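We count residues from 1, following the sequence as given. Everything quoted here is computed from the prediction, not taken from an experiment.
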Amino acid sequence: MAATYTGPIPKPTPETKPYWDAAKQRKLLIQRCNDCSQHYFYPRPLCPGCLSRNVAWVEASGRGRLHTFVINHRGPRNFPVEAPFVIGIVELEEGPRLLTHIAGVEADPEFVRCDMPVEVFFEDITEEITLPKFRPRSESAKE
Ligand SMILES: [Zn+2]
């Protein structure tokens, strides 16, 4: 599967490399400020809340809720995804929101709902890069 991926491939930078390295290990990392305790995403060296540089990477639970979404009825140019598909903003349990592909659900408003519980899963696209994506989660699921 990894060998057949034809879409654009993320290029890790010094600031995002821990995120991509962790994804490879099936972990979702976000950053947390040691001064004001706020979790945040996307990766950056300054806390967006208090501008402290005293920040650290921490593992997120991988659970959250679908804050909002859009159903695209055209395939995304250059990405190997068939329309219709769901792009969502997930609000993690820790607070940060991230833009992501919502998979594992029919791209139909009948099945995709704001506030529905979601969980991260990981898709290897190359030897080096693994993409975190999200899918619906049943409230009782352990993982
Ligand atoms: Zn802070």
Side-chain angles (χ1 to χ4, degrees), residues 1-34 36-52 55-143:
M1 186 203 299
T4 63
Y5 183 81
T6 56
I9 296 168
K11 294 187 176 70
T13 65
E15 281 165 10
T16 61
K17 190 171 187 300
Y19 175 82
W20 294 112
D21 286 349
K24 195 79 207 159
Q25 307 300 319
R26 268 57 189 161
K27 292 178 180 173
L28 182 68
L29 287 200
I30 57 176
Q31 285 171 299
R32 181 178 178 275
C33 176
N34 291 324
C36 74
S37 302
Q38 176 183 336
H39 290 88
Y40 64 92
F41 188 86
Y42 57 91
R44 67 206 110 153
L46 286 179
C47 168
C50 73
L51 303 183
S52 170
V55 301
W57 288 96
V58 295
E59 185 176 355
S61 67
R63 292 185 299 271
R65 291 188 177 273
L66 186 59
H67 176 67
T68 189
F69 66 94
V70 63
I71 295 175
N72 269 20
H73 290 271
R74 285 190 183 198
R77 193 193 304 183
N78 298 332
F79 282 87
V81 177
E82 284 188 24
F85 67 102
V86 184
I87 297 172
I89 292 181
V90 167
E91 184 169 299
L92 298 173
E93 282 182 346
E94 292 81 4
R97 292 175 181 168
L98 49 83
L99 184 69
T100 184
H101 180 195
I102 305 295
V105 61
E106 201 171 324
D108 183 318
E110 178 87 8
F111 304 105
V112 185
R113 294 292 171 91
C114 286
D115 224 30
M116 74 181 193
V118 294
E119 65 183 2
V120 73
F121 71 99
F122 298 92
E123 187 177 308
D124 294 320
I125 59 167
T126 69
E127 291 293 314
E128 293 79 27
I129 296 293
T130 298
L131 298 181
K133 295 186 172 186
F134 283 77
R135 64 188 172 201
R137 154 178 67 92
S138 66
E139 294 278 13
S140 59
K142 290 285 183 285
E143 288 194 346

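Taking all atoms of both residues into account, the shortest heavy-atom contact from R74 to A83 is C-CB, 3.4 Å. Among all heavy-atom pairs drawn from I125 and P10, the shortest one is CD1-CD, 4.0 Å. The heavy-atom pair separating P136 from A103 by the smallest distance is CD-O, 3.2 Å. Closest non-hydrogen pair, G64 versus R137, comes out as O-NH2, 3.2 Å. Taking each heavy atom of L29 and A22 in turn, the nearest pair found is CG-CB, 3.3 Å. Between S61 and E94 the shortest heavy-atom distance is N-OE2, 2.7 Å.
A donor-acceptor distance shorter than 3.5 angstrom exists from the side chain of Y40 to the backbone of R44, with no hydrogens or angles considered. Remark: the backbone N or O of D115 is paired with a side-chain donor or acceptor of R65 at under 3.5 angstrom. Panel note: side chain T13, backbone T16; a donor-acceptor pair is recorded below 3.5 Å.
The CZ atom of F122 sits 10.5 Å away from the CG atom of L131 when rounded to the nearest 0.5 Å.
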Could you check V118 against M116 for side-chain contact (heavy atoms from CB on, under 4.5 Å), going step by step and ending with a plain yes or no?
CA-CA 6 Å; V118 294; M116 74 181 193; 4.3 Å; yes
Report the C-alpha distance between V90 and I102 in whole Å, list the side-chain angles of each, state the deciding distance to 0.1 Å, and finish with yes or no for side-chain contact (heavy atoms from CB on, under 4.5 Å).
CA-CA 9 Å; V90 167; I102 305 295; 3.9 Å; yes
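Side chains of P132 and W20 form a contact here, defined as non-hydrogen atoms less than 4.5 Å apart. In this structure the side chain of I71 reaches within 4.5 angstrom of the side chain of P109, judged on heavy atoms. Considering only heavy atoms from C-beta on, P18 stays 4.5 Å or farther from Q31 through its side chain. The closest side-chain heavy-atom distance from T130 to R26 is below 4.5 Å. Looking at V86 and F134, their side chains never come closer than 4.5 Å, going by heavy atoms from C-beta outward. At least one side-chain heavy atom of Y19 sits under 4.5 Å from a side-chain heavy atom of L28.
The residues K24 and D124 are annotated as salt-bridged, a charged nitrogen and a carboxylate oxygen being separated by less than 4.0 angstrom. Between E119 and R63 there is no salt bridge, since no side-chain nitrogen of the basic residue lies less than 4.0 Å from a carboxylate oxygen of the acidic one.
Taking the six-membered ring for Trp and thresholds of 30 and 60 degrees, F85 and H101 have ring planes more than 60 degrees apart, a perpendicular arrangement.
At most 12 heavy atoms of other shown residues, nucleotides or ligands fall within 6.0 angstrom of atom OH in Y42. Within 6.0 Å of NZ in K27 there are 12 or fewer heavy atoms belonging to other residues, nucleotides or ligands.
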